[in-house]
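So the structure is just underneath, and the comments pick up after that.
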Amino acid sequence: MDAADATVEKLRAQCLSRGALGIQGLARFFRRLDRDRSRSLDSRELQRGLAELGLVLDTAEAEGVCRRWDRDGSGTLDLEEFLRALRPPMSQAREAVIAAAFAKLDRSGDGVVTVDDLRGVYSGRAHPKVQSGEWTEEEVLRRFLDNFDSSEKDGQVTLAEFQDYYSGVSASMDTDEEFVAMMTSAWQL
C-alpha cells in the first residue's frame with residue numbers, strides 16, 4: 001500500500017467511526033471548502049481541510065492524494081471521484097442484491113434501465129403531482145430514474161450507475177444482513 005492509499009484508508013476509518021453520515025458529512029465539508037465551485041480541490045485546499053478534520057498531511061502526502069485521483073490532469077482532486085474512493089468496498093452479498101434489483105427494473109434485459117422499463121414495473125399515476133396535473137406520469141418515472149443516473153442525466157441507467165448509487169447507501173449500513181434486508185424490502189425481491 002502506497003502513501004496515498006494509506007492516507008485514504010486513514011480518512012475512510014475516520015469517516016466510518018463517525019457512523020452512517022461520516023462520508024456524507026465529509027462530502028458537505030469538502031463542498032464548503034470548494035469556494036470557487038469547481039467541484040475540485042487543489043492539494044493546499046485538501047491539506048487545510050483534512051487538518052480541520054484532525055488528519056494532518058504533509059505537503060507531499062496531500063499532493064500524492066491529489067495526483068492519485070486527478071483523472072483529467074488538472075492538478076486538482078475531483079470531489080465526486082475522491083468521495084467514491086472513500087466508500088468501503090461492497091461484499092458479494094451486497095453486490096448480488098443490487099444486481100437482482102437492477103434486473104427487476106431492466107425488463108428489456110438490455111443492461112440499461114429506461115423509462116420504458118420502469119413503466120412495466122411502476123406506475124406514477126398515484127403521484128400527487130400527476131393527480132394535480134403538474135407532472136405527467138412520464139415525468140414522475142423520469143425523475144425517479146434520475147436518482148440513479150449519473151450527473152449527465154441521459155435517461156438511461158446502467159448497472160454501474162445503479163451500483164454506484166447503492167455503494168453510497170451501502171457505506172452507511174453496518175451489516176450485510178441489514179443492507180440485504182433493506183434492498184429486498186425496497187425492491188420487493
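Note that the numbering runs from 1 along the sequence shown for the chain.
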Quick one: list whatever passes side-chain hydrogen bond (donor to acceptor under 3.5 Å, both in side chains) with [X], sequence neighbours left out.
X: Q156; answer: none
X: R94; answer: S170, D176
X: S167; answer: R87
X: D116; answer: R119

Name the atoms and distances for all side-chain donor-acceptor pairs under 3.5 Å in residues 182-189, with sequence neighbours left out.
{"unit_1": "T184", "atom_1": "OG1", "unit_2": "V180", "atom_2": "O", "d": "2.7"}
{"unit_1": "W187", "atom_1": "NE1", "unit_2": "Y166", "atom_2": "OH", "d": "3.0"}

Do you know the tightest heavy-atom contact between [X] and [Y]?
X: F162; Y: I98; result: CE2-O, 3.6 Å
X: T76; Y: S74; result: OG1-OG, 2.7 Å
X: L159; Y: A99; result: CD1-CA, 4.3 Å

For D146, give me all partners under salt bridge (Lys or Arg N to Asp or Glu O under 4.0 Å), at least two apart in sequence or on another chain.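 Counting only residues at least two positions away or on another chain, D146 forms a salt bridge (Lys or Arg N to Asp or Glu O under 4.0 Å) with R142.
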Output side-chain donor-acceptor pairs under 3.5 Å for residues 43-57, partner residues at least two apart or in another chain, one line each.
{"unit_1": "E45", "atom_1": "OE1", "unit_2": "D42", "atom_2": "N", "d": "2.8"}
{"unit_1": "Q47", "atom_1": "NE2", "unit_2": "L57", "atom_2": "O", "d": "2.8"}

Other ILVMFWY residues reachable from W135 by side-chain steps of under 4.5 Å: V130, V140
Got a sec, which residues hit side chain to side chain contact (heavy atoms under 4.5 Å, CB included) with T175, two or more places apart in sequence or on another chain?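 Counting only residues at least two positions away or on another chain, T175 forms a side chain to side chain contact (heavy atoms under 4.5 Å, CB included) with E177, E178.
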Taking only residues two or more places apart in sequence, or in another chain, which ones meet Q92 in a side chain to side chain contact (heavy atoms under 4.5 Å, CB included)? none
Taking ring-ring contact (aromatic ring centres under 6.0 Å, His included) as the test, write out the residues that go with F144, two or more places apart.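 Partners of F144 by the ring-ring contact (aromatic ring centres under 6.0 Å, His included) criterion, ordered by chain and then number, come out as Y122, F148.
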How long is the gap from CD on E63 to SG on C66, to the nearest 0.5 Å? 8.0 Å
Answer with yes or no whether the hydrophobic clustering places Y165 together with V112; edges join I, L, V, M, F, W, Y residues whose side-chain heavy atoms lie under 4.5 Å apart.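 Different hydrophobic clusters.
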Qualifying side chain to side chain donor-acceptor pair (under 3.5 Å) pairs, either residue in residues 97-112, two or more places apart: D106-S108, S108-D110, S108-D117
